[in-house]
Amino acid sequence: GVWRQTRALLFKNCLIKCRTKKSSVQEVLFPLFFLFWLILMSMMHPHRKYDEVANTDLGPLDPSVLVNFVIGYTPPTPVAREIMKKVAFDNFEDGLITEEYLSEEELEEASFLKASNFVGVVFKDSMSYQLRFHDSIAMSSIYMESR
């Protein structure tokens, strides 16, 4: 029954492995090679541990730096609007200029037109966002220890 079929299948597989030694060796050595390569790469680029930064009072922000400064954001959800209203009016007397965009593409176009004084904010959900500058994307690094 079942035992005889299992034994015959096992014997057949052993014969195939013995007759194709080159591919059998490759099946064993390639994973070991890639494992060695991964270990070598991780040793070349170790995790960086940054020291703690002491709390210091940075003093008041110079409002002249933020003259004609534009913060664009997308998507225009009620949560995003509330956050951007707090950023613009609660923290600065004159208020920053905030603009809402319907899509990330519109936000990118605006960043090319107003490159020197524009920062984009893309809200991924109610708790996470990405900052978009003219030439790069800044990722939040709170939970990232390494690449």
Side-chain angles (χ1 to χ4, degrees), residues 1-62 65-66 68-88 90-92 96-147:
V2 174
W3 171 244
R4 192 170 21 171
Q5 287 178 351
T6 305
R7 193 174 61 198
L9 185 61
L10 184 62
F11 182 69
K12 182 187 104 174
N13 286 339
C14 287
L15 282 175
I16 291 172
K17 292 294 178 189
C18 290
R19 290 179 183 165
T20 57
K21 287 184 173 84
K22 183 179 177 183
S23 65
S24 299
V25 169
Q26 286 176 349
E27 284 181 17
V28 172
L29 291 182
F30 276 159
L32 292 175
F33 171 74
F34 288 125
L35 180 65
F36 170 74
W37 188 254
L38 284 172
I39 291 170
L40 182 68
M41 293 302 287
S42 68
M43 290 172 66
M44 289 174 62
H45 300 286
H47 296 292
R48 292 184 182 159
K49 180 115 171 109
Y50 295 102
D51 292 334
E52 187 175 306
V53 177
N55 292 335
T56 57
D57 183 19
L58 299 176
L61 178 65
D62 183 14
V65 175
L66 301 174
N68 297 327
F69 198 75
V70 179
I71 299 177
Y73 65 95
T74 189
T77 61
V79 173
R81 284 188 186 109
E82 186 65 30
I83 291 171
M84 295 310 292
K85 188 169 88 175
K86 280 190 169 293
V87 167
D90 292 354
N91 297 324
F92 304 99
L96 297 173
I97 301 169
T98 59
E99 298 175 353
E100 61 182 46
Y101 295 93
L102 297 176
S103 67
E104 289 186 46
E105 291 79 21
E106 288 182 20
L107 185 73
E108 287 178 21
E109 288 176 20
S111 73
F112 286 121
L113 296 174
K114 309 169 189 175
S116 63
N117 62 345
F118 185 85
V119 172
V121 180
V122 178
F123 289 95
K124 296 299 179 187
D125 54 37
S126 63
M127 299 299 279
S128 64
Y129 62 91
Q130 284 183 339
L131 294 178
R132 301 277 175 106
F133 297 98
H134 172 63
D135 55 355
S136 65
I137 298 174
M139 299 288 288
S140 174
S141 62
I142 295 172
Y143 300 108
M144 300 175 122
E145 292 181 9
S146 70
R147 288 185 231 165

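What you see is a predicted model, and the numbers here were worked out from it, not measured in a lab. The figures that follow rest on heavy atoms only: side chains count, while hydrogens, waters and symmetry mates do not.
- T74 places no side-chain N or O within donor-acceptor distance of the main-chain N or O of V122, the cut-off being under 3.5 Å.
- To the nearest 0.5 Å, the span separating CD on Q26 from OG1 on T20 amounts to 10.0 Å.
- In terms of heavy-atom proximity, L102 sits nearest to P76 at CD2-CG, 3.9 Å.
- Taking 4.5 Å as the limit, every side-chain heavy atom of I71 sits out of range of all side-chain heavy atoms of E99.
- Annotation: the span from T77 atom OG1 to F123 atom CZ amounts to 7.0 Å, rounded to 0.5 Å.
- Of all heavy-atom pairs spanning A80 and P75, the tightest one is CB-O, 3.5 Å.
- When the shell of 6.0 Å around NZ of K124 is examined, it contains more than 12 heavy atoms from other residues, nucleotides or ligands.
- Here CG of L107 is found 9.5 Å from CD of E105. Values are rounded to the nearest 0.5 Å.
- Taken from NZ in K17 to CG in N13, the straight-line distance is 7.5 Å, to the nearest 0.5 Å.
- A distance of 11.0 Å separates CG in L40 from CG in L35, rounded to the nearest 0.5 Å.
- Considering only heavy atoms from C-beta on, V121 stays 4.5 Å or farther from Q130 through its side chain.
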Verdict with reasoning, F11 to R7, per side chain to side chain contact (heavy atoms under 4.5 Å, CB included): CA-CA 6 Å; F11 182 69; R7 193 174 61 198; 5.8 Å; no
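- Across L32 and V28, no two heavy atoms sit closer than the pair CG-O, 3.4 Å.
- From S103, atom OG reaches atom CD of E109 across 7.5 Å, with rounding to the nearest 0.5 Å.
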E82/V79 under side chain to side chain contact (heavy atoms under 4.5 Å, CB included): CA gap, chis, key distance, verdict: CA-CA 5 Å; E82 186 65 30; V79 173; 5.8 Å; no
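- The nearest pair of heavy atoms linking Y73 to T98 is CE2-CB, 4.3 Å.
- Salt bridge K21/E27: absent, no basic N to carboxylate O contact under 4.0 Å.
- Residues S42 and I39 approach most closely at OG-O, 2.9 Å, considering heavy atoms.
- Between F33 and W37, the two ring planes are parallel [angle under 30°; tilted spans 30° to 60°].
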